[in-house]
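Notes for the one structure printed next.
First the proteins, then the strands, lettered A, B, ... as listed; each starts at 1. Heavy-atom basis, side chains included; hydrogens, waters and symmetry copies ignored.
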Protein chains: 2
Amino acid sequence: MNIGESTISAADLDKKTVWFTGLCRERGLKVTPQRIAIYRELVKTNEHPSAEMLCEKVRQVFPSISLDTVNRTLLTLNDIGAAFIVEGSGDAKRFDGGLDEHQHFKCVKCKRVIDFSHEPFNNIEVPQEMEEMFVVLRKSVYLEGICDLCR
Amino acid sequence: MNIGESTISAADLDKKTVWFTGLCRERGLKVTPQRIAIYRELVKTNEHPSAEMLCEKVRQVFPSISLDTVNRTLLTLNDIGAAFIVEGSGDAKRFDGGLDEHQHFKCVKCKRVIDFSHEPFNNIEVPQEMEEMFVVLRKSVYLEGICDLCR
DNA sequence: TGACAAATAAGAGTAAATCCTAAATAGTAG
DNA sequence: CTACTATTTAGGATTTACTCTTATTTGTCA
């Protein structure tokens with residue numbers, strides 16, 4: 001079990017960036033400084049930021065970036081598998097650049113999304129019947145409730 | 001295993017309604033005919049309707065009901081745990097009256113949300129550590145991929 | 001280096017959800 | 001039954017989270 005915190009080293013960040021630029025090229029996507037900046041900001045944090053939150057961060061480095069670009073880019077990242085949209089309920093989309101298997105707990109009050117990793121949950125098996133009918137790309141256990149700070 | 005379809009009998013619907021009125025009273029909420037009507041319509045279907053869709057259905061019985069009331073009521077249902085919100089991919093919120101414990105599979109192409117129920121998934125256990133730190137209200141296994149129609 | 005297609009910025013546009021008001025209505029407790 | 005208070009209705013205003021359009025810029029590749 002491991003709840004919350006997890007950081008990325010500068011070395012890992014660079015490694016991820018290299019992997020990401022490769023992935024872009026592979027898919028015929030241009031490697032623009034905006035894309036890199038957005039990807040790096042996303043991967044740096046484990047806060048599952050919204051497009052809005054990321055936009056603010058990226059603006060510190062890239063003052064003229066538009067929210068639209070951030071939004072579009074995040075959807076692109078989701079399409080190519082460099083990030084994904086956290087399953088959630090209703091509000092603004094939340095993104096996750098994390099590639100390790102992990103689960104999410106979402107606080108229904110503050111909307112915070114907290115990572116956790118629990119070995120048995122990483123190993124759940126998709127039933128045969130589902131595999132036959134659908135292509136299952138991602139699986140995760142999703143918990144909702146009230147977090148430590150809100151209760 | 002059970003994918004997709006599932007209906008509710010008139011008897012079960014009534015049982016749920018009784019449970020729901022009890023829950024309302026417990027929470028000091030008035031048992032209004034609108035609330036009941038909305039709840040019953042939601043529980044009857046497994047289509048994960050939006051507020052708009054539900055409003056139309058309820059209007060067949062209750063022609064003067066306002067969309068605002070439907071919206072407000074659905075959020076109330078969510079608050080007291082009589083329903084919950086499923087991710088609507090940025091579009092309109094979709095609601096689920098949670099007939100039985102079940103899981104969701106979401107198609108990344110057509111955005112369709114498909115219910116399924118798989119005994120082992122219903123019985124997953126939340127780790128002690130999580131229970132101590134958070135109040136866990138809901139747990140589910142969430143799968144994403146490509147559905148039978150899209151692939 | 002230059003052409004071209006892709007990507008971006010800026011700003012307008014949109015749809016859903018939420019909030020506001022005020023007046024009418026209707027559960028609920030005493 | 002009555003008083004109290006929650007809830008509903010209606011219609012407009014506001015907010016949120018995108019989404020589109022158009023002109024401009026910029027990676028990429030020959």
Side-chain angles (χ1 to χ4, degrees), chain A residues 17 20-39 41 48-56 58-59 61-80 82-83 85-86 88-95 108-111 113, chain B residues 17-18 20-39 41-42 48-56 58-59 61-80 82-95 111:
Chain A
T17 308
F20 174 65
T21 58
L23 186 63
C24 284
R25 292 232 164 75
E26 217 173 275
R27 302 300 191 99
L29 299 173
K30 290 182 178 171
V31 180
T32 65
Q34 289 93 332
R35 248 172 211 165
I36 304 259
I38 292 165
Y39 177 73
E41 282 302 332
H48 309 91
S50 62
E52 187 87 42
M53 289 157 81
L54 267 175
C55 189
E56 256 167 64
V58 176
R59 273 198 177 136
V61 184
F62 236 102
S64 73
I65 201 162
S66 72
L67 177 59
D68 191 38
T69 297
V70 177
N71 252 309
R72 214 171 350 87
T73 302
L74 287 169
L75 294 180
T76 305
L77 296 193
N78 184 60
D79 284 346
I80 66 175
I85 302 171
V86 174
S89 322
D91 323 291
K93 286 194 182 76
R94 298 301 207 92
F95 296 86
V108 296
K109 290 212 167 163
C110 68
K111 318 289 185 196
V113 178
Chain B
T17 307
V18 171
F20 175 64
T21 59
L23 186 62
C24 284
R25 292 230 164 74
E26 216 173 275
R27 302 298 191 102
L29 298 173
K30 290 182 176 169
V31 180
T32 65
Q34 288 92 333
R35 254 176 205 160
I36 305 259
I38 293 165
Y39 177 73
E41 281 303 332
L42 177 60
H48 308 95
S50 62
E52 188 88 41
M53 288 156 83
L54 270 173
C55 188
E56 256 168 63
V58 176
R59 274 200 173 132
V61 183
F62 237 102
S64 73
I65 201 162
S66 71
L67 177 58
D68 194 34
T69 296
V70 177
N71 252 309
R72 214 169 350 88
T73 302
L74 288 169
L75 294 182
T76 306
L77 296 193
N78 185 58
D79 284 346
I80 65 175
F84 58 95
I85 303 169
V86 298
E87 158 75 30
S89 75
D91 316 307
K93 283 195 184 73
R94 298 303 207 87
F95 296 86
K111 316 290 185 199

Listed pairs, N/O of protein and of nucleotides 27-30 of chain C, under 3.5 Å:
unit_1	atom_1	unit_2	atom_2	d
dT28(C)	OP1	Val31(B)	N	3.2
dT28(C)	OP2	Arg25(B)	NH2	3.3

Rounding to a whole Å, what distance do you find between [X]:[atom1] and [N]:[atom2]?
{"X": "Glu52(A)", "N": "dT19(D)", "atom1": "CD", "atom2": "C1'", "answer": "15 Å"}
{"X": "Phe62(B)", "N": "dA10(D)", "atom1": "CZ", "atom2": "P", "answer": "12 Å"}
{"X": "Arg94(B)", "N": "dA16(C)", "atom1": "CZ", "atom2": "C1'", "answer": "13 Å"}

Inset, instruction - Output all residues satisfying ring-ring contact (aromatic ring centres under 6.0 Å, His included) with Tyr39(B), sequence neighbours left out; order by chain, then residue number. - result: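 Once residues adjacent in sequence are excluded, the partners of Tyr39(B) under the ring-ring contact (aromatic ring centres under 6.0 Å, His included) criterion are Phe20(B).
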
Legend entry - 5' priority, DNA chain C, between Ala51(B) and Arg35(A) [closest heavy atom]: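 The residue closer to the strand's 5' end, by nearest nucleotide, is Arg35(A).
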
Legend entry - Contact residues, residues 63-78 of chain B to DNA chain C [heavy atom, < 4.0 Å]: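 Here the set is Asp68(B), Asn71(B), Leu75(B).
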
Would you mind writing out the side-chain donor-acceptor pairs for residues 23-35 of chain B within the sub-3.5 Å range, not counting sequence neighbours?
unit_1	atom_1	unit_2	atom_2	d
Thr32(B)	OG1	Arg35(B)	N	3.2
Arg35(B)	NH1	Lys30(B)	O	2.8

Inset, instruction - Enter the distance from Glu41(A):CD to Arg59(A):CZ here, rounded to the nearest 0.5 Å. - result: 13.5 Å

Inset, instruction - Would you indicate whether the side-chain heavy atoms of Val86(A) and Phe95(A) approach each other to under 4.5 Å? - result: no

Legend entry - N or O in side chain of Lys93(A) less than 4.0 angstrom from dT16(D) OP1/OP2: no

Output side-chain donor-acceptor pairs under 3.5 Å for residues 63-74 of chain B, partner residues at least two apart or in another chain, one line each.
unit_1	atom_1	unit_2	atom_2	d
Ser66(B)	OG	Thr69(B)	N	3.2
Ser66(B)	OG	Thr69(B)	OG1	3.0
Thr69(B)	OG1	Arg72(B)	NH2	3.2
Thr73(B)	OG1	Thr69(B)	O	2.7

Legend entry - Terminal axis angle for the helix from dT1(C)-dA30(D) to dG30(C)-dC1(D), five pairs an end, nearest 10 degrees: 50°

Inset, instruction - Considering non-hydrogen atoms only, spot the tightest contact between His48(A) and Arg94(A) and give its length. - result: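 Nearest pair, atom of His48(A) first, then Arg94(A): O-NH1, 2.6 Å.
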
